[in-house]
Amino acid sequence: MGKIVFYEDKNFQGRSYECSNDCTDLHTYFSRCNSIRIESRCWMMYDRPNYMGNQYFFRRGDYADYMSMFGLNDCIRSCRMIPMHRGPFRMRIYKRENFMDQMYEMMDDCDNIMDRYRMSRCQSCHVMDGHWLFYEQPHYRGRMWHFRPGEYRSFSNMGGMRFMSMRRINDYYF
């Protein structure tokens, strides 16, 4: 079971809300969030309700002023706990939508799909095992997106994101 505490003010001050499950709309519990204490598990935070908008990955730790650390705003509106995965990680990435064109199977992190696969972009994927973070820039930089097991036929409906690096969410983060 995961546990996270949101605080309205920096340095764990002001009203707080404790959460141990996914939450589609945090706005009902607090109007702003300026610090976070994550006591267990890893979490994805979203700046819009219903797991929409920009995504931010947090692992266990204290974030007394996460806005200055990450350049975020104070609008955390939903959160989702990432379950720990034991076992192998496996995913297939495709150059085009609907699992078309070149396909590569991945079992480990990739800091640059252009260098490794000579692939200028990835437009669909099938995550078979594990949870992954995709980044818009090489070397795990820029905006990120969380992918859990499932089929993702088209990235065009994800705000025009262009993914250039991928990383497993493994025991290192927990």
Side-chain angles (χ1 to χ4, degrees), residues 1-87 89 91 106 108-113 125 127 129-150 152 155 157-174:
M1 169 125 20
K3 184 177 177 187
I4 184 170
V5 183
F6 299 94
Y7 297 86
E8 286 195 332
D9 298 323
K10 295 176 184 176
N11 300 313
F12 315 109
Q13 301 295 310
R15 285 191 335 168
S16 65
Y17 173 70
E18 188 175 302
C19 184
S20 59
N21 294 321
D22 298 352
C23 187
T24 60
D25 190 1
L26 291 165
H27 190 259
T28 58
Y29 305 109
F30 52 83
S31 60
R32 66 185 184 281
C33 178
N34 284 292
S35 55
I36 300 170
R37 177 169 282 138
I38 299 175
E39 296 184 15
S40 58
R41 301 291 181 150
C42 294
W43 296 77
M44 288 305 292
M45 307 294 167
Y46 303 82
D47 62 3
R48 294 181 48 208
N50 298 313
Y51 318 117
M52 303 292 288
N54 292 315
Q55 300 184 20
Y56 309 101
F57 174 75
F58 287 85
R59 63 185 193 183
R60 188 168 45 115
D62 291 343
Y63 301 89
D65 182 10
Y66 78 88
M67 290 180 2
S68 65
M69 291 172 59
F70 300 109
L72 310 176
N73 60 33
D74 65 354
C75 292
I76 297 294
R77 294 295 181 239
S78 54
C79 66
R80 180 174 275 161
M81 184 178 60
I82 299 172
M84 183 181 283
H85 175 75
R86 301 252 187 233
F89 286 75
M91 166 178 63
M106 297 177 58
D108 60 351
D109 300 348
C110 176
D111 69 347
N112 190 329
I113 63 169
C125 75
V127 176
D129 296 303
H131 288 248
W132 298 73
L133 289 176
F134 281 44
Y135 296 82
E136 70 178 339
Q137 296 174 21
H139 308 290
Y140 318 116
R141 293 187 334 242
R143 291 185 300 167
M144 66 182 72
W145 207 277
H146 169 232
F147 286 86
R148 53 188 171 177
Y152 302 88
F155 295 159
N157 60 353
M158 297 179 175
M161 291 284 286
R162 179 178 173 184
F163 301 111
M164 298 303 296
S165 54
M166 297 87 176
R167 177 178 276 167
R168 298 163 294 157
I169 303 175
N170 56 26
D171 289 349
Y172 170 77
Y173 294 106
F174 287 90

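Residue numbers run from 1 in the order of the sequence given.
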### Task
Measure up the His146 and His131 rings against each other and bin them: parallel (under 30°), tilted (30 to 60°), perpendicular (over 60°).
parallel
#### Entry: Parallel, tilted or perpendicular: rings of Phe89 and His85 (30°, 60°)
perpendicular
### Main-chain N/O of Tyr51 paired with Ser78 side-chain donor or acceptor, under 3.5 Å
yes
### Query
Within a radius of less than 6.0 Å around CZ of Arg148, do more than 12 heavy atoms belonging to other residues, nucleotides or ligands occur?
no
### Query
Testing Cys33, Ser31, Ser35 for side-chain contact (heavy atoms from CB on, under 4.5 Å) with Glu8, which one passes?
Ser31
Rounded to the nearest 0.5 Å, how far does [atom2] of [Y] lie from [atom1] of [X]?
X	Y	atom1	atom2	value
Asp62	Arg37	CG	CZ	4.0 Å
Tyr29	Glu18	OH	CD	12.5 Å
Asn112	Tyr135	CG	OH	14.5 Å
Met144	Ser165	CE	OG	9.5 Å

### Message
Please tell me whether Phe58 and Tyr63 form a close aromatic pair, meaning their ring centres lie under 6.0 Å apart.
### Response
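Yes, the ring centres sit under 6.0 Å apart.
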### Near-ring test Phe57/Tyr140, centroid separation under 6.0 angstrom
no
### Task
Consider only side-chain N and O atoms of Asn54 and Asp47, and report whether a donor and an acceptor are under 3.5 Å apart.
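Asp47 and Asn54 do have a side-chain donor-acceptor pair below 3.5 Å.
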### Message
Looking at Asp9 and Arg32, is any side-chain nitrogen of the basic one under 4.0 Å from a carboxylate oxygen of the acidic one?
### Response
yes
### Task
State plainly whether the residues Glu136 and Arg162 are in salt-bridge range, i.e. N to O under 4.0 Å.
no
